[in-house]
Asks: 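Got a structure for you, written out below as structure tokens; questions coming shortly.
Quick note: numbers below take in every heavy atom, side chains included, and nothing from hydrogens, waters or symmetry partners. Residue numbers start from 1 in every chain, and the chains themselves are labelled A, B, ... in the order their sequence lines are given, proteins ahead of strands.
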Amino acid sequence: MRVTRKIKEQQIAILEETYRDVKPALMFRNPFELLIAVILSAQCTDKRVNVTTARLFARASTPEAIVSMGLQDLEEEIRDCGLFRNKAKNIMASCQLLCEKYGGEVPEDFAELQKLPGVGRKTANVVMSVAFHHPAIAVDTHVFRVANRLKLAVGETPLEVERGLQKAIPKEKWSEAHHWLIWHGRRICKSRRPLCEECPLSEVCAGKEAGVS
DNA sequence: CTCCCGATAT
DNA sequence: ATATCAGGAG
């Protein structure tokens, strides 16, 4: 299938209609909690992250409080999210930096966010979009896979796909579109066994006839 | 590219 | 048993 501009618009329209009312799956009460939750979510289900953050934030919900915990305690607290040594080290270093350089507040700036240890482009985009309501498309594993399968945006790297999605989707819908693609990836267009029979986009999908990828 | 890494789905 | 899960750093 040749995916024209017209077809991309149809894909976007169906995604919007189908996932109109979805909201972020990670639980948080402020930008700082979202930042920690997103760092923890690497290679981990959001469900598991929510269990862990509920417990963690009950003990410590500010950069100052987490610094006070100490590294060993933090490692134990987040162990079941996986990659816990790296995540604990990064969270601790980020909290120290937030206290020292940012007055204990999460900076509302894409470049500044990426200076925090453990915060790359994807995490910075999520914080800008979800916490601060700036237009952004965070390309995680789901968005990357779904965009490439649909050929809504094709690319070898997350950055290439991000650029492609920005071209294909009106700016005012970037942040919502990010959530549409995530939920579609979780519910239908799953990595292992995509449910093409139940997919509302099957008629406008390039990956279906190509046998996915 | 490799490593980090426990929990979960299939 | 194994692929995968809201990735990032070296």
Asks: Run the salt bridge (charged side-chain N to carboxylate O under 4.0 Å, His left out) test on Asp140(A) and Arg145(A) for me, step by step, so that the C-alpha distance in whole Å, both residues' side-chain angles and the decisive distance to 0.1 Å come before the verdict.
Replies: CA-CA 9 Å; Asp140(A) 57 43; Arg145(A) 178 182 69 254; over 6 Å; no

Asks: Is the backbone N or O of Leu40(A) less than 3.5 Å from a side-chain atom of Lys87(A), with the two atoms forming a donor-acceptor pair by type?
Replies: yes

Asks: Using heavy-atom distances to pick each residue's nearest nucleotide on DNA chain B, tell me which of Arg48(A) and Arg85(A) is more 5'.
Replies: Arg85(A)

Asks: Can you tell me the distance, in whole Å, between the CZ atom of Phe84(A) and the C1' atom of dG7(C)?
Replies: 17 Å

Asks: Glu176(A) pairs by side chain to side chain contact (heavy atoms under 4.5 Å, CB included) with which of His179(A), Lys173(A), His178(A)?
Replies: Lys173(A)

Asks: Separation of Lys89(A) atom NZ from dC5(B) atom C1', in whole Å?
Replies: 13 Å

Asks: So do Leu26(A) and Val126(A) actually touch side chain to side chain, heavy atoms under 4.5 Å?
Replies: no

Asks: Is Ala138(A) touching bases, backbone alone, or none of the nucleic acid, heavy atoms closer than 4.0 Å?
Replies: nothing

Asks: Are any of Ser191(A)'s side-chain N or O atoms less than 4.0 Å away from OP1 or OP2 of dT4(C)?
Replies: yes

Asks: Roughly how many Å is it from CG in Asn90(A) to P in dC3(B), rounded to a whole number?
Replies: 18 Å

Asks: Check the distance between dT8(B)'s C1' and Asn50(A)'s CG and give it to me in whole angstrom.
Replies: 15 Å

Asks: Round to a whole Å and report the spacing from CD1 of Ile91(A) to C1' of dA9(C).
Replies: 15 Å

Asks: If you only use heavy atoms from C-beta on, which nucleotide in dA3(C), dG7(C), dC4(B) is closest to the side chain of Arg192(A)?
Replies: dA3(C)

Asks: Could you tell me if Arg187(A) sits above the aromatic ring of Trp183(A), with its cationic atom closer than 6.0 Å to the ring centre and no more than 45 degrees from the axis?
Replies: no

Asks: Taking C-beta and beyond as the side chain, do Leu195(A) and Lys190(A) meet within less than 4.5 Å on heavy atoms?
Replies: yes

Asks: Quantified in whole Å, what is the P atom distance between nucleotide dC5(B) and nucleotide dG10(C)?
Replies: 14 Å

Asks: Would you kindly give the CZ-to-P distance between Arg193(A) and dT4(C), to the nearest whole Å?
Replies: 14 Å

Asks: Whether Thr141(A) contacts dC5(C) is assessed here as follows: a side-chain N or O lying under 4.0 Å from the phosphate OP1 or OP2. Is that the case?
Replies: yes

Asks: Pick base, sugar-phosphate or nothing for Asp80(A), based on heavy-atom distances below 4.0 Å to the nucleic acid.
Replies: sugar-phosphate

Asks: Suppose you measure atom P in dT2(B) against the same atom in dA3(C); what distance do you get, rounded to whole Å?
Replies: 15 Å

Asks: Which residue, Thr123(A) or Gln43(A), contacts DNA chain C at a nucleotide closer to its 5' end, judged by nearest heavy atom?
Replies: Gln43(A)

Asks: Between dC5(C) and Arg145(A), is there an OP1 or OP2 to side-chain N/O distance shorter than 4.0 Å?
Replies: yes

Asks: Roughly, in whole Å, what's the span from CG in Leu40(A) to C1' in dA7(B)?
Replies: 14 Å

Asks: With sugar-phosphate meaning primed atoms plus P, OP1 and OP2, does Pro24(A) contact a base, only sugar-phosphate, or nothing at under 4.0 Å between heavy atoms?
Replies: base

Asks: Name the nucleic acid region contacted by Arg79(A), choosing base, sugar-phosphate or nothing; use a 4.0 angstrom heavy-atom cut-off, strictly under.
Replies: sugar-phosphate

Asks: To the nearest angstrom, how far is Lys47(A) atom NZ from dA9(B) atom P?
Replies: 6 Å

Asks: Would you indicate what Val49(A) reaches in the nucleic acid, counting non-hydrogen atoms under 4.0 angstrom: base, sugar-phosphate, or nothing?
Replies: nothing

Asks: For atom P, what is the distance between dT4(C) and dC1(B), given to the nearest Å?
Replies: 16 Å

Asks: Using a cut-off of strictly less than 4.0 Å, decide whether Lys190(A) has a side-chain nitrogen or oxygen near OP1 or OP2 of dA3(C).
Replies: no

